[in-house]
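Scroll down for the structure; my scribbles are underneath it.
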Amino acid sequence: MSQIPSDLKYAATHEWARLEEDGTVTVGISDHAQDALGDVVYVELPELEQVIAAGDEAGVVESVKAASDVYAPISGTVCAVNEILEDAPETVNSDAYADGWFFKMRPVDVRELQELLDAEAYAEVCEAEEH
Amino acid sequence: MTEQHAPAKTPLYQEHIACGGKMVDFAGWMMPVNYGSQIAEHTAVRSDAGMFDVSHMTIIDVHGDQAEAFLQRLIANDVARLNINQALYGALLNERAGVLDDLIVYRLAWGFRCVVNASTRDKVLAWMQQHTRADAHFEHKPQIMIAVQGPNAVQRLLQVEAVSGLAELTPFYAMQHGDWLIGRTGYTGEDGVEIMLPEAQGVELWRKLREVGVAPAGLGARDTLRLEGGLNLYGQDLDEATSPLASNIGWTIAWEPQERDFIGRQALTELRETNTQKLTGLIMRDKGILRHGQAVHTNAGAGVITSGTYSPTLAYSIALARVPKQATGECEVDIRGTRKKAVLCKPPFVRNGTAMHP
């Protein structure tokens with residue numbers, strides 16, 4: 001069973017989002033997603049200052065077996081990207097919710113977070129995929 | 001063919017579950033794609049020993065006085081060249097010299113054993129039926145087939161089964177061991193064996209090999225290993241629309257003797273003059289991963305990637321690509337709208353654990 005921390009919000013496309021104290025939102029992919037992908041070998045991150053709408057493509061994560069798009073869970077401007085992933089993409093597998101984060105956004109409207117799934121609802125999405 | 005029944009299971013299905021296999025539907029079979037980490041399984045085969053369940057592949061035995069003539073007509077390589085217990089790799093062609101399947105053929109004391117792909121089973125059996133002759137009988141013979149591959153594969157097998165003569169078995173030769181047929185063959189670019197044996201013994205062998213540290217390896221690792229080894233995957237790198245000449249397996253065509261009239265020979269003879277394409281290797285120079293279907297721009301025109309992956313041994317991306325025959329040197333690959341740098345090279349990329357294009 002994959003880990004789904006209860007303090008995060010989730011998109012049905014398997015990204016997580018965390019509101020930080022400075023008002024930015026950190027985005028990554030879930031433990032379920034990294035497990036389904038297998039060994040991650042390449043991550044393509046968005047550009048700094050790129051403006052992305054909720055649901056738009058914000059990057060690509062590639063495992064040995066396949067490439068998979070990463071979508072922005074909310075609308076905003078990219079204000080940081082995780083450069084660790086450039087040389088150590090496997091961090092996504094080993095630490096999906098902390099060191100394996102993808103990028104941070106300055107949200108257009110922080111209330112968009114409320115439209116995302118909570119841990120319980122996201123667990124149901126994962127459950128449904130496994131059957 | 002779209003038969004809508006549930007995927008089949010090999011006799012080793014429960015062993016895969018017991019080993020933590022992540023099961024997927026592959027050509028109508030529930031097969032393990034990995035047992036946790038594809039890279040770890042890949043590395044086990046390159047550095048020590050791994051094992052694959054390949055029981056889903058199609059074993060076809062051919063008997064009778066006309067067995068040799070039957071296969072000489074069907075296969076572009078020539079089985080008449082085989083000594084007893086020797087094997088060859090070859091292609092079944094259609095009249096247009098398109099590849100119906102690639103296969104391994106063993107000449108055994110009683111006749112021939114062909115091993116063809118799982119995905120092409122119905123097609124190949126129908127093709128054989130269509131070209132059947134009075135004294136050549138073929139029979140689909142499902143068995144457990146385990147490929148033990150890696151530099152320590154033979155040693156590990158000897159730890160669990162005393163097989164006299166195995167250590168001395170020449171590559172591409174097979175030997176009978178009781179009910180087992182053991183071939184010094186494989187599809188990983190490493191030393192190793194493929195063992196065909198009855199069900200109960202096969203399950204026991206799998207368990208014993210596991211006990212001596214042979215790593216179960218899934219379809220994922222099998223794909224990265226064969227690609228590093230420059231070996232084609234049927235349906236992806238070659239198919240009915242491509243000839244052996246455009247698929248890097250021209251060496252499997254036996255042109256001599258000239259009077260041997262194998263199916264596709266005439267079309268192939270014409271293609272010898274007119275073929276404009278080749279299947280070759282590609283090494284990524286930029287970051288990113290080469291994948292099936294990406295467009296390649298070379299100094300001689302456009303091409304396409306047929307198989308691409310991240311190479312766990314080399315730690316960069318490699319591919320097989322079908323490009324114009326004259327293409328050489330540096331090229332560009334279109335990845336999601338961006339042109340990335342790559343370079344053409346001759347496969348394989350890795351042989352017996354060693355990088356061929358360092």
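Below, chain A is the first sequence line, B the second, and so on; all start at residue 1.
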Under 4.5 Å heavy-atom distance to chain B, tell me which part of A/Val43 shows up: side chain, backbone, both or neither.
neither
Specify which of B/Gly36, B/Gly220, B/Gly288, B/Pro312 makes the most heavy-atom pairs with chain A at under 4.5 Å.
B/Gly288
Enumerate, by atom name, each donor-acceptor pair separated by under 3.5 Å where one atom lies in chain A and the other in chain B.
residue: A/Asp35; atom: O; partner: B/Lys22; partner atom: NZ; Å: 2.8
residue: A/Asp39; atom: OD1; partner: B/Ser37; partner atom: OG; Å: 3.2
residue: A/Asp39; atom: OD2; partner: B/Ser37; partner atom: OG; Å: 3.1
residue: A/Asp39; atom: OD2; partner: B/Gln38; partner atom: N; Å: 3.1
residue: A/Asp39; atom: OD2; partner: B/Ile39; partner atom: N; Å: 2.8
residue: A/Glu44; atom: OE1; partner: B/Arg336; partner atom: NH2; Å: 3.1
residue: A/Glu62; atom: OE1; partner: B/Arg291; partner atom: NE; Å: 2.9
residue: A/Glu62; atom: OE1; partner: B/Arg291; partner atom: NH2; Å: 2.8
residue: A/Glu62; atom: OE2; partner: B/Arg336; partner atom: NH1; Å: 3.2
residue: A/Glu62; atom: OE2; partner: B/Arg336; partner atom: NH2; Å: 3.1
residue: A/Ser63; atom: O; partner: B/Arg291; partner atom: NH2; Å: 2.7
residue: A/Val64; atom: O; partner: B/Arg291; partner atom: NH1; Å: 3.0
residue: A/Val64; atom: O; partner: B/Thr309; partner atom: OG1; Å: 3.4
residue: A/Ala66; atom: O; partner: B/Arg291; partner atom: NH2; Å: 3.4
residue: A/Glu86; atom: O; partner: B/Lys287; partner atom: NZ; Å: 3.0
residue: A/Asp87; atom: OD1; partner: B/Lys287; partner atom: NZ; Å: 3.3

Okay, A/Ala67 and chain B: the region with an atom under 4.5 Å from a heavy atom over there is both
